[in-house]
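Heads up, the thing below is written out as structure tokens.
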Amino acid sequence: MARLALVTGGTRGIGAAIAKRLHSDGHRVAATYEGNEAAARAFEDQTAIPVYRWDVADAEACRGGVQKLQADLGQQVDILINNAGITRDASLHKMTPEQWHAVIEADLSACFNMCRLVIEGMRARNWGRIVNVASINGQKGQFGQTNYAAAKAGMIGFTKALALESARKGITVNAVAPGYTATDMVTAVDPKVLEGVIAQIPVGRLAQSVEIAHAVAFLVDERSGFITGSTLSVNGGQYLI
Ligand code: CAA
């Protein structure tokens, strides 16, 4: 039976590219979304990938959502891609507590909420793949993103710790750290600021979402079982560690 992959924030941007790629690789796929109903319906119509609406920052909503989708699909989640994320950019001296908490909850606590729900099943079945979509800005920092950089760096630490705990159970846990990618999130950045960012990318352009999806597909592959706790940078050479 095909494995079931769940992609959070999987109906737009990088998440949609991941969901489509895993689907074309032969996995069963479900995608979550939080706000954009029209985009989610269009994605579902186009791909026949079932979509579920809940807020990944809300632990109880995650519990209900995962239970429902597993019951609907008659299968447990074998592959989890924690992709959903938001930005609330502001310099720290202007940042509100709401902007701080919104990003920490949606980007980092969501990773806990979702992993916590699927890890026991993966351990029981002795197989699992978790990929956390972090960011170049969690590796290098970014002016205007103390909240986002902290959340994404936190995801990388979380990935390493859970990888150690899961290694004996056939579960790999890795992060992908995308650079600036042509999505709504990045095109929302002030064009002048974005021009400066592109000038710092050795490849000379933004990433395409399918290029990030390719890295995720590699990590969830059956043959990637010896890769765990790693962070795969996909950033056009912008930041090398
Ligand atoms: N580096 C250095 N100095 C900068 C700067 C930067 N990146 N951005 C602004 N400044 C300077 C300004 O030139 C200005 O200097 P002066 O005082 O001499 O005029 C000063 O800092 C302004 O500081 P403020 O705190 O008032 O900043 P602001 O309110 O004007 O703008 C900001 C803050 C909106 C966050 C802006 O810096 C910005 O848009 N930064 C880009 C954030 C970014 O890259 N976000 C990525 C979103 S995409 C994403 O996150 C996806 C992913 O994973 C890659």
Side-chain angles (χ1 to χ4, degrees), residues 3-10 14-15 18-19 22 27-34 52-71 73 75-86 101-135 138-139 148 150-178 212-213 215-222 224-232:
R3 300 197 192 273
L4 175 58
L6 175 57
V7 185
T8 69
I14 291 174
I18 295 170
L22 297 185
H27 301 292
R28 249 184 127 186
V29 180
T32 79
Y33 67 105
E34 200 266 323
Y52 290 84
R53 182 174 187 164
W54 76 79
D55 178 358
V56 289
D58 178 340
E60 277 314 303
C62 290
R63 180 173 302 282
V66 169
Q67 267 171 7
K68 176 166 175 25
L69 93 84
Q70 291 186 151
L73 302 178
Q75 197 175 348
Q76 309 272 297
V77 174
D78 301 300
I79 299 169
L80 172 64
I81 315 299
N82 285 306
N83 165 78
I86 61 168
H101 288 294
V103 171
I104 297 298
E105 292 303 311
D107 296 12
L108 180 57
S109 299
C111 189
F112 165 78
N113 294 340
M114 293 300 299
C115 287
R116 181 66 187 84
L117 289 168
V118 301
I119 198 73
E120 288 180 65
M122 290 178 180
R123 290 173 68 87
R125 295 188 301 280
N126 273 300
W127 198 91
R129 293 279 187 269
I130 296 174
V131 179
N132 295 321
V133 180
S135 165
Q139 298 172 300
Y148 187 81
K152 295 297 185 177
M155 286 175 87
I156 292 172
F158 178 100
T159 297
K160 293 176 182 179
L162 186 58
L164 294 176
E165 294 180 11
S166 307
R168 290 289 174 92
K169 295 286 181 184
I171 304 164
T172 68
V173 187
N174 292 287
V176 167
I212 312 304
V216 173
F218 165 72
L219 290 169
V220 307
D221 192 281
E222 200 71 46
S224 296
F226 207 64
I227 304 172
T228 196
S230 72
T231 300
L232 180 49

Q76 versus R125, closest heavy-atom pair with distance
CB-NH1, 3.3 Å
Distance (rounded to the nearest 0.5 Å) between T231 OG1 and K160 NZ
5.5 Å
Sequence neighbours excluded and cut-off under 3.5 Å, please list the side-chain donor-acceptor pairs for residues 55-67, or say none.
residue: D55; atom: OD1; partner: A57; partner atom: N; Å: 2.9
residue: D58; atom: OD1; partner: E60; partner atom: N; Å: 3.0
residue: D58; atom: OD1; partner: A61; partner atom: N; Å: 3.1

How many angstroms lie between CD1 in I81 and CG in L219, if you round to the nearest 0.5 Å?
8.5 Å
Are the side chains of N83 and V216 in touch, meaning some heavy atoms are under 4.5 Å apart?
no
Hey, what do you get for CG (D107) to CG (N132), rounding to the nearest 0.5 Å?
11.5 Å
Would you say L162 and I119 make side-chain contact, with heavy atoms under 4.5 Å?
yes
Would a distance-only check, ignoring hydrogens and angles, find a side-chain to backbone donor-acceptor pair under 3.5 Å from D78 to G128?
no
Residues at least two apart in sequence or cross-chain that pass side chain to side chain contact (heavy atoms under 4.5 Å, CB included) with L73, listed by chain then number, are L4, R28, A30, P50, Y52, L69
Might you point out which heavy atoms bring L108 and M155 nearest each other, and give the distance in Å?
CD1-N, 3.6 Å
Heavy-atom pair of closest approach, residues M114 and N82:
CB-OD1, 3.3 Å
Dump the intermediate steps for side-chain contact (heavy atoms from CB on, under 4.5 Å) on S166 and T228, then the final yes or no.
CA-CA 9 Å; S166 307; T228 196; over 6 Å; no
To the nearest 0.5 Å, what is the distance between OG on S109 and CZ on R116?
14.5 Å
Just wondering, more than 12 heavy atoms not from E120 lying within 6.0 Å of its CD?
no
Applying salt bridge (Lys or Arg N to Asp or Glu O under 4.0 Å) to R123 and not counting sequence neighbours gives none
Minimum heavy-atom separation for T159 and S230, please, with both atom names.
CG2-O, 4.3 Å
Are side-chain heavy atoms of C115 and I130 found at a separation under 4.5 Å?
yes
When rounded to the nearest 0.5 angstrom, what is the spacing between CD in E34 and CH2 in W54?
12.0 Å
To the nearest 0.5 Å, what is the distance between CD1 on I86 and OH on Y148?
10.0 Å
Please name the pair of heavy atoms, one in I227 and one in F218, separated by the smallest distance, quoted to 0.1 Å.
CD1-CZ, 3.5 Å
Using every non-hydrogen atom in the two residues, find where I79 and R3 come nearest and quote the distance to one decimal.
CD1-CB, 4.1 Å
